[in-house]
Engineer: 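Can you keep this structure in mind? I'll have questions shortly.
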Amino acid sequence: MNSLKKIYQILLKELGHQGWWPVTPLGNCRSCGDSLPIYGLKAKTEKQKLEIIFGAILTQNTQWKPNVENSIIRLNEKNLIDVDKIIEISDKELGELIRSSGYYNQKTKALKAMALFLKENPINKLVKMDLVELRKLILSVHGVGPETADCILLYALDKPIFVIDAYTKRIMHKLGFKEESYDDLKELFEDNLDKDVSLYKEYHALLVELGKRKEFDYSTLLKVCN
DNA sequence: CGCCAGGGCCTCA
DNA sequence: TGAGGCCATGGC
């Protein structure tokens, strides 16, 4: 077993299953309060996949809890997890709803751009495309960079794409890996792991959780990297 | 009070 | 292509 696989085993054992990406459960029951996105659920419907796509934009350089979570709840309350409705709503009103996620002017534009994109390229059509072309296409949407595009591909469209983020870069450098660029790090993981969507999802979530834990003892991880 | 979060765009060499 | 400024809220 190679280092990348060993790191995964250690993190899974030490941190436990993360169950990304959080999604709002089906069958919103009005009488039982606001439904919030939950970890460990499978995104089954197109609406849930759309919620993940919007969430991927909203969480750019922002904490999920409570900032983005709150925005997702508010969008759901108004039934705005909907391509047409996001296109129709005014910038001002949308900006107010996602205010807690920060950068709300930029993110309003990004959500609008994504909605217009999805109007022309529905999710059920995207999933059938060639993966390399699909990634380029999603990257062409204004406000969507490498990490956001890859989150969408992995968590919303269930494509075997490994997501790299700031935590992953820091952690891998700390463990002695020399890859610097986003694409080199992405290839490192994809070349050394089985093309397993569930594994990719869980691995990235574990790296984020590890990155948040300042007190974590890296000695075991450093050992398997030698 | 300052720092940082599950980044990306624009500008300027 | 890479570095630097900018965007903005909420928790600690």
Side-chain angles (χ1 to χ4, degrees), chain A residues 8 11 15-24 36-41 43 49 51-75 91-117 135-157 159 161-174 178-187 189 197 199-216:
Chain A
Y8 176 76
L11 292 181
L15 305 178
H17 187 256
Q18 304 296 308
W20 276 29
W21 189 285
V23 287
T24 302
L36 72 160
I38 294 175
Y39 293 85
L41 292 182
K49 294 176 189 297
E51 180 183 295
I52 292 174
I53 293 173
F54 290 160
I57 290 170
L58 292 173
T59 199
Q60 290 168 353
N61 202 37
T62 305
Q63 288 201 8
W64 179 268
K65 286 187 179 184
N67 304 33
V68 177
E69 185 179 74
N70 201 280
S71 300
I72 297 287
I73 290 170
R74 297 191 65 179
L75 290 175
D91 286 15
K92 188 173 181 181
E93 193 176 347
L94 181 55
E96 193 51 44
L97 286 167
I98 64 167
R99 186 174 177 278
S100 67
S101 295
Y103 307 116
Y104 56 85
N105 290 315
Q106 295 190 144
K107 287 175 180 177
T108 292
K109 285 183 184 172
L111 290 177
K112 289 266 183 182
M114 179 56 71
L116 286 170
F117 170 78
R135 186 168 189 268
K136 287 181 189 169
L137 195 57
I138 293 177
L139 273 172
S140 72
V141 178
H142 181 85
V144 176
E147 187 187 336
T148 306
D150 290 341
C151 277
I152 290 169
L153 288 167
L154 178 61
Y155 293 103
L157 306 182
K159 300 296 182 183
I161 293 281
F162 202 91
V163 180
I164 303 299
D165 71 324
Y167 286 133
T168 306
K169 290 178 187 171
R170 273 180 242 160
I171 292 165
M172 296 312 284
H173 291 163
K174 192 167 181 175
K178 303 300 181 189
E179 287 78 1
E180 290 289 344
S181 73
Y182 185 98
D183 290 333
D184 285 349
L185 277 163
K186 179 168 174 288
E187 281 180 31
F189 283 94
V197 171
L199 169 67
Y200 284 11
K201 288 181 179 179
E202 185 59 29
Y203 205 152
H204 175 245
L206 285 165
L207 287 168
V208 172
E209 180 58 27
L210 170 60
K212 290 178 177 173
R213 300 202 186 184
K214 303 281 185 185
E215 76 291 353
F216 192 88

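We name chains A, B, ... by the order of the sequence lines, and we start the count at 1 in each one. Source: prediction; values computed, not measured.
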Engineer: Can you run through DNA chain C from 5' to 3' and write each base as (, ), [, ], | or . depending on how it pairs? Watson-Crick or G-U wobble, both distances under 3.5 Å.
Structural biologist: |||||||.||||
Engineer: Does A/K112 NZ have over 12 foreign heavy atoms under 6.0 Å away?
Structural biologist: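 Buried by this count: over 12 neighbours within 6.0 Å.
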Engineer: Work out how far the P atom of B/dC10 is from that of C/dA8, and round it to whole angstrom.
Structural biologist: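 To the nearest whole Å, 14 Å.
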Engineer: Would you mind reading off the distance between A/D184 atom CG and C/dG2 atom P, rounded to a whole angstrom?
Structural biologist: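 In whole Å, C/dG2 P lies 10 Å from A/D184 CG.
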Engineer: Expressed as a whole number of angstroms, how long is the span from A/Y182:OH to C/dG2:P?
Structural biologist: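 Whole-Å distance recorded here is 16 Å.
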Engineer: Expressed in angstrom and rounded to an integer, what is the separation of A/N70 atom CG from B/dA5 atom C1'?
Structural biologist: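 Interatomic distance, CG of A/N70 to C1' of B/dA5: 16 Å.
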Engineer: In whole angstrom, give the distance that lies between atom OH of A/Y167 and atom P of B/dA5.
Structural biologist: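 About 5 Å, once rounded to whole Å.
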Engineer: Check nucleotides 11-13 of chain B against the protein and report each pair of N or O atoms closer than 3.5 Å, with its distance, or say if there are none.
Structural biologist:
none

Engineer: Quick one: label A/Y39 by what it contacts on the DNA or RNA (base, sugar-phosphate, nothing), any heavy atom closer than 4.0 Å.
Structural biologist: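 Base contact.
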Engineer: Have a look at A/H204 and tell me which of A/L199, A/I164, A/V163, A/D150 forms a side-chain contact (heavy atoms from CB on, under 4.5 Å) with it.
Structural biologist: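 Exactly one option meets the side-chain contact (heavy atoms from CB on, under 4.5 Å) with A/H204, and it is A/V163.
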Engineer: For A/E96, is there an ion pair with A/K92 - N to carboxylate O distance below 4.0 angstrom?
Structural biologist: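 No, no charged N to carboxylate O under 4.0 Å.
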Engineer: Just verifying a value: how many Å separate A/Q63 CD and A/S101 OG, rounded to the nearest 0.5 Å?
Structural biologist: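 Between A/Q63 CD and A/S101 OG, I get 11.5 Å after rounding to 0.5 Å.
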Engineer: Calculate the interatomic distance between A/H142 atom NE2 and B/dG7 atom C1'; express it in whole Å.
Structural biologist: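 Atom NE2 in A/H142 sits about 12 Å away from atom C1' in B/dG7.
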Engineer: Can you measure from CD1 (A/I138) to CG (A/L153) and round to the nearest 0.5 angstrom?
Structural biologist: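 Here the rounded value is 4.0 Å.
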Engineer: To the nearest 0.5 angstrom, please state how far the CG atom of A/L185 sits from the CD atom of A/E179.
Structural biologist: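 One gets 6.0 Å once the value is rounded to the nearest 0.5 Å.
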Engineer: Please classify the nucleic acid contact of A/V144 as base, sugar-phosphate, or nothing, using heavy-atom distances under 4.0 Å.
Structural biologist: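 Touches sugar-phosphate only.
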Engineer: Measure CG/A/D183 against P/C/dG2 and give the value in whole Å, please.
Structural biologist: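 After rounding, the gap between these two atoms is 11 Å.
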Engineer: Tell me: CZ of A/F54 to P of B/dG7, nearest whole Å?
Structural biologist: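 Result: 20 Å.
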Engineer: Closest approach of A/Y155 and A/Y200, non-hydrogen atoms and distance?
Structural biologist: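 Smallest interatomic distance, heavy atoms only, reads OH-O, 4.3 Å.
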Engineer: For nucleotides 6-12 of chain C, read 5' to 3', which letter fits each nucleotide if B means a protein heavy atom sits under 4.0 Å from the base, S means only the sugar-phosphate is that close, and - means neither?
Structural biologist: -BBBSS-
Engineer: Can you check the A/D150 CG to B/dG7 P distance for me, whole Å?
Structural biologist: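 That distance rounds to 13 Å.
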Engineer: Select one nucleotide: of B/dG8, B/dC9, B/dA5, the one nearest the side-chain heavy atoms of A/P146.
Structural biologist: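 Closest of the options to the side chain of A/P146: B/dG8.
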